[in-house]
Amino acid sequence: MKTTSNSNSITKCYHCGEVCNELDLVHDDKHFCCQGCKLVFEVLSENDLCSYYELEEFPGENQKLKSSKENRFDYLEDADVQSQLLDFKSDSESHITFTIPHIHCASCIWLLENLVQIHSGILSSRVDFIKKKVQVKLNQHKISLKELVSLLATIGYEPKISLSDQGGKPKTTIDKKLISQLAVAGFCFGNMMLFSLPEYFSETQFLGEGFKGLFNYLNVLLALPVVFYSANSYYVSAWNSLKQRKINMDVPIVLGIIALFLYSLWQIFIFGNAGFMDSLGGLLFFLLLGKYYQQKTFSALEFDRDYKSYFPMAVTKLVQDKEEVVPISKLEIGDVILIRNEELIPADAILLSDQASIDYSFVTGEEIPVPKSKKEIIYAGGRQVGDPILLTIQKSPSQGYLTDLWNNETFEKKQDGLLEPLANKVSSVFTWTVLSISFLAFGYWSLQDFSLAIKAFTSVLIVACPCALAMSTPFTLGNTLKFLGRQSFI
């Protein structure tokens, strides 16, 4: 029995670990903090799934605050809603993917992947722990979508279904061209390292001059797609910066790439040396890897500015004094809706009840509830605090005050990278300094040895290239954002 005792005999809920205040809620010598946690245990016990509690200590979510409205999932019986939520549907089965925020441990995965033991209508279920998603295949003749969601809610894993789920899957923000550039750079870099391996171990004398030259020429061929395709985005960025008479961080990077490429060609074709094509491939591969990681991080923490993401899928509508749960998309002007405690108001409406207390923190940031009287306008985005209220719709959810505010052009402005302005300012001074030193070194050594002058010129550009900054910035920012995100500080 999972209990924690001290001198005061404190007993914890077997399901969620909360301190039990109602010790009369006992089942099989196990204590529960509320009827909800006890019900979850009973459901698992009936289906021989109590191994759930052996994988993690107190794996379940507390059920005290769960809504008990029996009809709150009625909107899932609507054919239009079903067609937009389902991934696949045939005569025999349907597939759907749910986002379940409460997935947090091995017990959650184990239970959700054993849903087939709870209901025969569930054909299979598969969990994506990282994305907190579960894909369920069901026989719609044995279990409906509403019954499936109700079952998940009963065992403590209620899916998060929002209005934005209607209308297809979200578009990915990862640049597909970047992925292909990274793939090309990785393939070429790996092969160039293989061809250059004898150089690193000073074993080229065993290869013979023929093989040594062949490997050098193969490195040149592999470097061409890296320089002219994988690095293309850096050229475009640098050129656009120069056209605006500015210098960003990509300008010295491009100079370093060109200098390293030309110097390697000079070493290979003039002196027969190995050159540095493998280093060039590795440089661009890790630069692109940093850029991909940055895009991936920002995409994961991207702030969805669509008002639909924050509205519920359905609302309680009064039809001839009877409650009916309907999708928000089917609300019309003049409909009377019932808003309970802590529910979000989906559309601008007029208050029919005598009074209301509206929390507008979602719209204004001010958390102190605003008192409202009968016949006053209640704007969308407000949250009722207290007793249920009746409202009559004045505008559709897509035409309300909140939508106008949310779609303001301020939110549409493109945001600059966090450190790009600072890096570009530093790069401007840095680039001119590096170029000055490079030409001074070239001029000094050209009076003595032209070959040495070329080496000095290219060495300054390569060594002083701010590639370390370009690679370290996205990884530093990405890990910082992840750390802050885990602390709920966005």
Side-chain angles (χ1 to χ4, degrees), residues 13 15-18 34 36-37 39-41 43-44 47 49-53 55-69 72-76 81-82 84-88 93-119 121-140 143-170 299-302 304 306 308-314 327 342 344 485-486 488:
C13 176
H15 178 72
C16 69
E18 292 287 329
C34 63
C37 289
L39 174 62
V40 174
F41 174 78
V43 171
L44 299 182
N47 293 279
L49 291 174
C50 284
S51 299
Y52 170 74
Y53 297 103
L55 298 176
E56 295 283 343
E57 187 175 13
F58 308 125
E61 292 291 324
N62 188 284
Q63 300 294 304
K64 288 181 180 178
L65 302 179
K66 301 300 181 182
S67 174
S68 60
K69 291 187 298 178
R72 60 196 178 106
F73 298 125
D74 285 354
Y75 68 92
L76 293 173
V81 173
Q82 291 182 14
Q84 292 171 331
L85 291 179
L86 292 174
D87 300 327
F88 169 81
E93 65 181 66
S94 298
H95 301 175
I96 187 168
T97 303
F98 292 119
T99 298
I100 301 182
H102 296 311
I103 298 176
H104 68 282
C105 66
S107 294
C108 303
I109 299 174
W110 182 86
L111 177 59
L112 291 172
E113 292 193 342
N114 282 276
L115 293 175
V116 292
Q117 298 185 43
I118 299 179
H119 199 290
I122 300 175
L123 303 177
S124 68
S125 55
R126 184 175 181 180
V127 175
D128 185 334
F129 180 74
I130 301 299
K131 296 181 180 179
K132 296 187 182 298
K133 293 180 180 293
V134 57
Q135 185 186 58
V136 181
K137 297 180 181 179
L138 62 144
N139 184 334
Q140 63 265 27
I143 183 172
S144 66
L145 183 58
K146 174 189 172 183
E147 292 171 338
L148 173 61
V149 174
S150 297
L151 173 61
L152 290 171
T154 300
I155 62 174
Y157 294 95
E158 181 175 332
K160 179 183 178 183
I161 305 175
S162 67
L163 195 62
S164 61
D165 294 328
Q166 294 182 273
K169 303 295 181 184
S299 176
L301 298 175
E302 186 178 5
D304 193 344
D306 186 357
K308 295 180 179 179
S309 301
Y310 303 92
F311 278 2
M313 281 283 292
E342 294 298 322
L344 196 71
R486 285 195 295 266
S488 299

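Along the sequence shown, residues carry numbers from 1.
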**Fill in**
Residues at least two apart in sequence or cross-chain that pass side-chain hydrogen bond (donor to acceptor under 3.5 Å, both in side chains) with K132, listed by chain then number, are none
**Request:** Could you tell me which residues satisfy side-chain hydrogen bond (donor to acceptor under 3.5 Å, both in side chains) with Q117, sequence neighbours excluded, listed by chain and number?
**Result:** N114
**Message:** I'd like to know whether L145 forms a side chain to side chain contact (heavy atoms under 4.5 Å, CB included) with V81, so could you lay out the CA-CA distance, the side-chain angles of the two residues, the decisive distance to 0.1 Å, and finally the verdict.
**Reply:** CA-CA 10 Å; L145 183 58; V81 173; 5.8 Å; no
If I take atom [atom1] from residue [X] and atom [atom2] from residue [Y], how far apart are they, to the nearest 0.5 angstrom?
| X | Y | atom1 | atom2 | result |
| --- | --- | --- | --- | --- |
| Y157 | I100 | OH | CD1 | 9.0 Å |
| I118 | L151 | CD1 | CG | 5.5 Å |
| F73 | E158 | CZ | CD | 4.0 Å |
| S150 | D74 | OG | CG | 8.5 Å |
| L115 | S125 | CG | OG | 4.0 Å |
| D87 | T97 | CG | OG1 | 4.0 Å |

**Asked** Excluding sequence neighbours, so at least two apart, what forms ring-ring contact (aromatic ring centres under 6.0 Å, His included) with H119?
**Response** none
**Prompt:** Listed by chain and number, what are the ring-ring contact (aromatic ring centres under 6.0 Å, His included) partners of F41, not counting sequence neighbours?
**Reply:** Y14, H27, F32, Y53
**Message:** I'd like to check I96 versus L148 (side-chain heavy atoms, cut-off strictly below 4.5 Å). Are they in contact?
**Reply:** yes
**Message:** Are L152 and L112 packed together at the side-chain level, in the sense that at least one heavy-atom pair is separated by less than 4.5 angstrom?
**Reply:** yes
**Fill in**
The side-chain contact (heavy atoms from CB on, under 4.5 Å) partners of S107 (sequence neighbours excluded) come to Y52, L55, E56, P59, C105
**Message:** Under the rule for side-chain contact (heavy atoms from CB on, under 4.5 Å), what residues qualify as partners of L123, not counting sequence neighbours?
**Reply:** E93, K137, N139
**Request:** Could you please spell out the steps behind the side chain to side chain contact (heavy atoms under 4.5 Å, CB included) verdict for L49 and I155?
**Result:** CA-CA 11 Å; L49 291 174; I155 62 174; over 6 Å; no
**Asked** Do Q82 side-chain atoms and L76 backbone N/O form a donor-acceptor pair below 3.5 Å?
**Response** yes
**Shortest non-hydrogen contact between V149 and P159, atoms and distance** = CG1-CD, 4.0 Å
